[in-house]
Amino acid sequence: MSYVVITFLWLSILLYFLLGGADFGAGIVELFTSSRNVDRTRRTLYHAIGPIWEANHMWLIIAIVILFVGFPVIYSELSIYLHIPLVVMLMGIIARGTAFVFRHYDAVRDDMQEIYNRVFVWSSFITPLFLGITAGSTVSGHIQPDAKDFMTAYVLGWFNWFSISVGFFTVALCGFLAAVYLIGEADEESARKGFIRKARNANIIAVVCGILVFVAAEVDHVPLVTWVFGDSVGVTAVIAATLSLVALWRLIPKKRRLALRILVAFQVTMILLAISYAHFPNIIIMAGGKTLSLYDYQAPAKTMSALGWALLIGSAFILPALFYLYYSFQIKRMRHFEEA
Amino acid sequence: MNDFLAARLQMAFSLGFHIIYACIGMVMPFFMAVAHYKWITTGNEVYRNITKAWSKGVAIFFATGAVSGTMLSFELGLLWPEFMKHAGPIFGMPFSLEGTAFFIEAIFLGFFLYGWGRFNTWFHWFTGVVVGISGLASGILVVSANAWMNSPAGFDFVDGQYLNIDPIQAMFNDAWFTQALHMTLAAIAATGFAVAGVHALMILRRKNVSFHLHAFRIAATFGAVAALLQPLSGDLSAKDVAVRQPAKLAAMEAHFHTQKHAPLIVGGIPDAKNKDVKFAIELPGMLSFLAHGDLDAEVTGLDQIPEADQPPVSVVHYAFQLMVGAGMFMMLLALMLFVAFRKKAWFEHRWFMRLFALATPLGFLAVEAGWTVTEVGRQPWILHGIMRTRDAVTPMPGIVWSFYLFTAVYISLSIIIIFLLKRQIQSVPALYDQPTLTPKS
């Protein structure tokens, strides 16, 4: 059963990245949209994520619950040493979630809208940044549980080149995901072109940030190159991601909306696979090479089995309903566009 | 303020903030379902307007509840990592099921809010009901996890080790049913009275009276039924607490000395130093009766509890008085509502609507007070009899700053939400005014 739980953990992180990440990305795209086009972008964005956005963010809750029920030591170590970036991330989550509904449900349209918009776009940027920083920190080898001073114990664990570069890479990927998703949502040709331009820029930035992550890894002595290129799975994933990127850019002019989304999602999946496979099952790598493994630090068998069953039964309810939700509000909509 | 106190206060504020949104998010869908049902079956447009107006409120409250709930799932670890390290695998079961329930709620809320005119009418109605049922299920599951902290079960505690973990047994601990029942009724009563109160206020201002009166009747009926049932559930809770957590009951009642034929103390100012209560009304034997169903039964006082294991008396006692007082007032209003259903003229009396308008915040006041009783009454334990709150807190210094930050966020969000609701209500005439309906007063 512990494999079931670990699979669900990985999948919920992946789905949070693909769906929640695209939501953040939508805000990032809005942040980088000129004021001339921003109203249209906002409208498209609302139609695209309105009905599904609450559901997209549930994956984070599933992941965190799996972590604290199934891997309590890992959860509590993360909570102690990455307290500060996690709090910043939480602030981002609450600001973003509330600003998004407030701007839609405020009965009066006035200057308050500008405040909601500002909060929404900036928190869309900050939340994935700190999510990425947290993720980077878990394997950065900079967490020092034995440290005596505040800076070393609670700040330097995440405030380092590697973690921060992973943060920006995450932001760039979210923006890229969203821009590609939004290409399929645009209701007119000029808007479509706009999102294609956004996707291209985001793509370039993501590649640059990716390179920076490798540079930062070298500076901070994180063996990232060995992780990614050291085994056949990593190399295959990188090749697959690159090929899918080429395919993506060839498909864009052909207006194959669903195919585009699948390709970009596939690409992000490969990136996550490449970086998580190499040091699996170690989910936290601390200073001095101490590691916390998903195998060694899991809850007793009875808990793992109950959790596994809860997840299996839960997904039997969730997945069909979720699929129908996407079908009703996304796929139908896309078909409608393609027919038009 | 030290970091330990800051951590406790941050947790209290976070829960206190979340609970309001969680209650409304889990109860309002049922009000909506009733209004929606009446719209479908009677074709009276007022009901459609009410459903739509309420659903906007639900969207705002649900989103706030969802993000504040997400924060809580992190705060458990950020503030109490030592507790979560041991407790996670034991009391995690309800949380993992709650994950599912909450997910379903979010999915069906998407269907409901954006589904007008897209789906079969009854399917659309049904999605709203699912939102309510899954919301209620989430609430019950989370309360069951809290009940485990009051009534640890599903493991053996041997030499500081948590052995033979059984998560199912932990979920169905001794306190889960009484707590879940009490909280569910409280959520319905609080939301019912709050919503009814707002509509009563609008009726008093003679604005869209028909709209507000129809809405008032639905919300007030839910609230009234729950308020009338609540004392029964409270009685179950009191008898349960008397056995499991005598220290908590003693603190609630400021019951310092163990005695037979113990009096129920109403009001008063507890003096922990001299171990007595000043200016209180005493009802002889009633505490024995409430706690054990026997006027002469012995009720354990704080003198039987070691000093180090006693909860703070004043806070718990005042909170308990506040909860019971608010509950009594709501019960009285509930009875009056049922009279009013017979004597229709009452609905047109200003004093009747004034009473309900006055009661708007009472239910939530009772909810907050009740949680204060549960949580502060459990102190100094985070896990009753097993782990002390002080031993569970994060080693990270500077939690005071985190507390200030979270407090500022909660205060500003509350202000914005009140502001938004005000705007929603003010826009009712513009959105739903119908020239054919003349306000009666």
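Residue numbering restarts at 1 for every chain, and letters A, B, ... go by the order of the sequence lines. Because the structure is predicted, anything quoted here is derived from the model rather than measured.
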A.B. asks: Tell me, out of A/Leu82, A/Ile93, A/Ile80, who's got the most heavy-atom pairs with chain B below 4.5 Å.
C.D. replies: A/Ile80
A.B. asks: Parallel under 30°, tilted from 30 to 60°, perpendicular over 60°: which one fits the rings of A/Tyr324 and B/Phe111?
C.D. replies: tilted
A.B. asks: Need one label for B/Ser73: side chain, backbone, both or neither, based on atoms under 4.5 Å from any heavy atom in chain A.
C.D. replies: both
A.B. asks: Starting from the C-alpha separation in whole Å, work towards a yes-or-no answer on side chain to side chain donor-acceptor pair (under 3.5 Å) for A/Ser76 and B/Glu82.
C.D. replies: CA-CA 7 Å; A/Ser76 67; B/Glu82 189 59 27; over 6 Å; no
A.B. asks: Give me the ring orientation class for A/Phe125 and A/Trp122: parallel if the planes are under 30° apart, tilted from 30 to 60°, perpendicular past 60°.
C.D. replies: perpendicular
A.B. asks: Which one of A/Phe102, A/Phe71, A/Phe317 has the most heavy-atom pairs closer than 4.5 Å to chain B?
C.D. replies: A/Phe102
A.B. asks: Looking at CD of B/Glu75 and CE of B/Met84, how far apart are the two atoms once the value is rounded to the nearest 0.5 Å?
C.D. replies: 12.0 Å
A.B. asks: So for B/Ile399, is it side chain, backbone, both, or neither that comes closer than 4.5 Å to the heavy atoms of chain A?
C.D. replies: side chain
A.B. asks: Find the one option among B/Gly99, B/Gly69, B/Pro167 whose heavy-atom pairs under 4.5 Å with chain A are most numerous.
C.D. replies: B/Pro167
A.B. asks: Using non-hydrogen atoms only, which part of A/Ile62 is less than 4.5 Å away from chain B: side chain, backbone, both, or neither?
C.D. replies: side chain
A.B. asks: So what's closer than 4.5 Å to chain A heavy atoms on B/Pro81: side chain, backbone, both or neither?
C.D. replies: both
A.B. asks: Would you name the heavy atoms of B/Phe108 and A/Ala321 that are closest together and state the gap between them?
C.D. replies: CE1-CB, 3.9 Å
A.B. asks: Where on A/Ile318 is there a heavy atom nearer than 4.5 Å to chain B: the side chain, the backbone, both, or neither?
C.D. replies: both
A.B. asks: Check each atom of B/Leu421 against the heavy atoms of chain A and say whether the ones under 4.5 Å are side chain, backbone, both or neither.
C.D. replies: neither
A.B. asks: Tell me, for A/Phe8 versus chain B, whether the close heavy atoms (under 4.5 Å) come from the side chain, the backbone, both or neither.
C.D. replies: neither
A.B. asks: Quick check for you: among B/Ala87, B/Gly57, B/Ala66, B/Pro397, which has the greatest number of heavy-atom pairs under 4.5 Å with chain A?
C.D. replies: B/Pro397
A.B. asks: Would you mind checking which part of A/Met112 comes under 4.5 Å of any heavy atom in chain B, side chain (CB onward), backbone (N, CA, C, O), both or neither?
C.D. replies: side chain
A.B. asks: Considering only heavy atoms, which portion of A/Val65 lies under 4.5 Å from any heavy atom of chain B: side chain, backbone, both, or neither?
C.D. replies: side chain
A.B. asks: Under a 4.5 Å heavy-atom cut-off, does chain B meet the side chain of A/Leu90, its backbone, both or neither?
C.D. replies: both
A.B. asks: At a 4.5 Å cut-off on heavy atoms, which part of B/Leu113 comes close to chain A: side chain, backbone, both, or neither?
C.D. replies: side chain
A.B. asks: Does the side chain of A/Ser124 come under 3.5 Å of the side chain of A/Arg96 through a donor N or O and an acceptor N or O?
C.D. replies: yes
A.B. asks: Pick one of side chain, backbone, both or neither for B/Phe419, based on which atoms fall under 4.5 Å of a heavy atom in chain A.
C.D. replies: side chain
A.B. asks: With heavy-atom distances below 4.5 Å as the criterion, would you say the side chains of B/Met396 and A/Phe150 are in contact?
C.D. replies: yes
A.B. asks: Could you have a look at B/Gly77, B/Gly92, B/Ala59 and say which one has the most heavy-atom pairs with chain A under 4.5 angstrom?
C.D. replies: B/Gly77
A.B. asks: Measure distances from A/Tyr154 to the heavy atoms of chain B and classify the residue's part below 4.5 Å as side chain, backbone, both or neither.
C.D. replies: side chain
A.B. asks: Any side-chain heavy atom of B/Phe83 sitting closer than 4.5 Å to one from B/Val393?
C.D. replies: no
A.B. asks: Applying the ring pair (Phe, Tyr, Trp, His ring centres under 6.0 Å) test to B/Phe13, which of B/Tyr404, B/Phe406, B/Tyr410, B/Phe403 qualifies?
C.D. replies: B/Phe403
A.B. asks: Is it the side chain or the backbone of A/Leu60 that comes within 4.5 Å of chain B heavy atoms, both, or neither?
C.D. replies: side chain
A.B. asks: If the plane angle is over 60° it's perpendicular, under 30° parallel, otherwise tilted; pick one for A/Tyr3 and A/Tyr295.
C.D. replies: perpendicular
A.B. asks: Could you measure the distance from the CD1 atom of A/Ile64 to the CG atom of B/Leu76? Nearest 0.5 Å is fine.
C.D. replies: 10.0 Å
A.B. asks: Pick one of side chain, backbone, both or neither for A/Tyr75, based on which atoms fall under 4.5 Å of a heavy atom in chain B.
C.D. replies: side chain
A.B. asks: Flag the pair B/Phe62 / B/Phe102 as yes when their ring centroid distance falls below 6.0 Å, and as no otherwise.
C.D. replies: yes
A.B. asks: Against chain A, label B/Leu420 side chain, backbone, both or neither, depending on which of its atoms sit under 4.5 Å from a heavy atom there.
C.D. replies: side chain
A.B. asks: Which one of B/Phe74, B/Trp80, B/Phe91 has the most heavy-atom pairs closer than 4.5 Å to chain A?
C.D. replies: B/Phe74
A.B. asks: Give the ring-plane orientation class for B/Tyr21 versus B/Phe17, where under 30° counts as parallel, over 60° as perpendicular and anything between as tilted.
C.D. replies: tilted
